[in-house]
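Note that ligands are numbered from 1 as they come in the structure, with each ligand's atoms numbered from 1 the same way. Hydrogens, waters and symmetry mates play no part in the numbers below; they use all other heavy atoms, side chains included. No experiment lies behind these values; they were computed from the predicted model shown.
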Amino acid sequence: MKVLVINCGSSSLKFQLIDMQTEKTIVSGMCDRIGLEGSVLNYKKNGEKIEKKEAIPNHQKAVSMVLEALTDKKHGAISSLQEIVAVGHRVVHGGEYFKESVLVDENVIKHVEDCSALAPLHNPANITGIRACQKLMPDTPMVAVFDTAFHQTMPAKAFMYGVPHEWYEKHKVRRYGFHGTSHKFVSQRTAEFLGLDYHNSKIITCHLGNGSSIAAIKNGKCIDTSMGLTPLEGLIMGTRSGDLDPAILDYIADREGLNTKAIVNILNKKSGVLGISGLSSDFRDLLDADLKGDDRAKLARAAFAYRVVKYIGSYCAVLIGVDAISFCAGVGENANFIRGMIVDHLEFLGVKLDTEANKVCGKEAIISTSDSKVKVCVIPTNEELVIARDTQAIVSQL
Ligand code: ADP
C-alpha cells in the first residue's frame with residue numbers, strides 16, 4: 001500500500017511516496033519556483049538524485065510532473081498510478097472546524113477556504129494542490145491533515161487572548177498553534193522510545209527549526225503551545241520575532257513611517273535571530289560568527305535559547321511537572337550547543353545533561369544522564385509519516 005504525501009506552498013510543492021508496510025519513503029522530492037523563472041523538479045529515489053528543469057506555470061503542472069516522475073520507466077518507482085491508494089495533503093490552517101484529519105469532499109474544501117484569511121499564504125496553495133490532484137487522479141481518495149488539528153484539545157483558558165470576546169466570536173481571533181503533526185509524532189515517539197504510557201504522561205516537545213514552537217502534552221493531548229493565531233507568536237525564530245509587546249506596532253509605525261502590514265511583514269521575515277544578529281537566520285552561520293567573536297550572533301543564540309527555557313519553565317508549571325522533554329527539527333536535532341544551552345538551565349528540575357550523548361546529530365537518543373529526574377531526548381520529526389499514517393487510517397475505513 002503506497003500513500004502519496006503532498007505539501008503545497010505558494011510557489012513550491014514537496015512530495016513523498018511512502019510504502020505503508022515498511023513506513024519507508026520510496027521517493028521524495030520537490031517542485032520549486034512554480035509560476036516563476038527557473039522552475040525545477042528535484043527528486044530522490046534509492047539515493048539517486050534526479051533533476052528536471054522545465055517551465056512549471058502552475059500547481060496542476062507540478063502535480064502532473066510529479067505523477068510522471070513516479071511512473072517514469074527509467075527513474076520512476078511505480079508502474080501505474082493505481083498503486084497509489086490515497087493522497088495525504090498537508091493543510092496549514094483548519095481553524096476550529098477540524099480537530100483531526102478528514103477525507104476531502106467539497107464541504108471540507110469550503111471550510112479550508114473559510115480559514116484562508118487566517119493563513120493567506122498557505123491555505124489557498126493547499127487547496128490548489130488538492131484540486132490539481134483531484135483532476136489528475138479523480139478516483140483516488142484525498143485526505144487533509146491539518147497543522148492546527150493536534151492543538152484543538154487546548155482548553156479555552158489557554159487559547160483565549162485577553163481581548164474583547166467579540167473578536168473571537170466575529171473574527172475567530174484565538175490561539176490555534178501550528179506544527180501539530182510534528183508535536184503529535186514526536187510526543188508519541190518519545191513515549192514509545194522511553195517506555196512511557198502515552199496516555200498517562202507529561203511531555204514537552206520543542207520543534208526548533210527555521211519556524212519554532214513548543215507544546216505541552218498531557219496524557220497524549222496538547223494543553224498548550226507557543227504559536228498563536230498565526231505562526232508569529234511564541235519563540236524567537238529564524239526570521240520571526242515571536243512574542244512581543246503589541247504596542248511596538250504603533251510605536252514603530254510612527255517612527256519609521258510604516259503601516260502595520262509592512263511591520264508585520266518585517267516581524268515575519270526580517271526579525272528573529274536574523275534581526276538580532278543582522279547576519280543570518282541559519283544557526284550554523286551564527287555559530288561560526290559567534291566563534292569568531294561576533295557579539296550580535298552570540299546574543300541572537302542566547303536570546304533564542306533563553307526564550308525556549310522560559311517556555312519550558314512555564315509548561316512545567318502548566319503540566320504540574322514533566323516526564324520528558326524532546327527536541328526535534330533542524331536546530332533541535334542538530335544543534336547540540338543550543339540544546340546544551342537550554343538543558344543546562346533546567347537543573348532546578350532535576351535535569352542532568354549527558355554531554356557525551358548530547359553530541360548526537362539527527363538521530364534518536366536520550367541526552368540526559370541515567371539518574372536525571374526528567375528524561376531529555378532528541379527525536380527526529382517526520383511530519384510526512386504522520387500525514388501518511390492518518391491518510392491510511394482514514395482510507396482503510398472506506
Ligand atoms: P523549517 O522546516 O522550519 O524550514 P528545519 O526544521 O529544516 O526548518 O530547520 C532548518 C534550520 O535548522 C536551519 O535554518 C538551521 O538554522 C538549522 N540547522 C540545520 N542543520 C543544523 C546544524 N547541523 N547545526 C545547527 N543548525 C542547523
Return the residue, atom name and 0.1 Å-rounded distance of the protein heavy atom closest to [atom].
| atom | value |
| --- | --- |
| atom 8 (O) of ligand 1 | N210 N, 3.1 Å |
| atom 26 (N) of ligand 1 | F283 CB, 3.7 Å |
| atom 17 (C) of ligand 1 | V331 CG2, 3.6 Å |
| atom 18 (N) of ligand 1 | G330 O, 3.6 Å |
| atom 23 (N) of ligand 1 | N334 CB, 3.3 Å |
| atom 24 (N) of ligand 1 | R284 CG, 3.5 Å |
| atom 14 (O) of ligand 1 | D282 OD2, 3.7 Å |

Check ligand 1 against G211 and write out every atom of the ligand that is under 4.0 Å from a heavy-atom position of the residue. 3 (O)
Using a 4.0 Å cutoff against the non-hydrogen atoms of A329, which atoms of ligand 1 qualify?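 This gives 6 (O) as the contact atoms.
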Does K184 come within less than 4.0 Å of D390, counting only side-chain N to carboxylate O?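 Answer for the salt bridge query: yes.
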Ionic contact status for R90 with E383, cut-off 4.0 Å: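 Salt bridge absent between E383 and R90.
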Between H345 and Y306, what is the ring plane arrangement, given parallel below 30°, perpendicular above 60°, and tilted in between? perpendicular
Based purely on interatomic distance, does C361 place a nitrogen or oxygen under 3.5 Å from a nitrogen or oxygen of ligand 1?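 Not met; the criterion fails.
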Quick check with a 6.0 Å cut-off and a 45 degree axis cone: is R255 positioned over the face of Y251's six-membered ring?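 R255 over Y251 ring: yes.
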Above 12 or not: heavy atoms from other molecules or residues under 6.0 Å from NZ of K99? yes
How about E100: does its CD atom have over 12 heavy atoms from other parts shown lying under 6.0 Å from it? no
Among all the protein's heavy atoms, is there at least one whose distance to atom 2 (O) of ligand 1 comes out below 4.0 Å? no
Residue that, paired with F178, satisfies ring-ring contact (aromatic ring centres under 6.0 Å, His included) out of H151, H93, H183: H93
Do E48 and H75 come close enough that some side-chain heavy atom pair is under 4.5 Å?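 Counting from C-beta outward, E48 and H75 do come under 4.5 Å.
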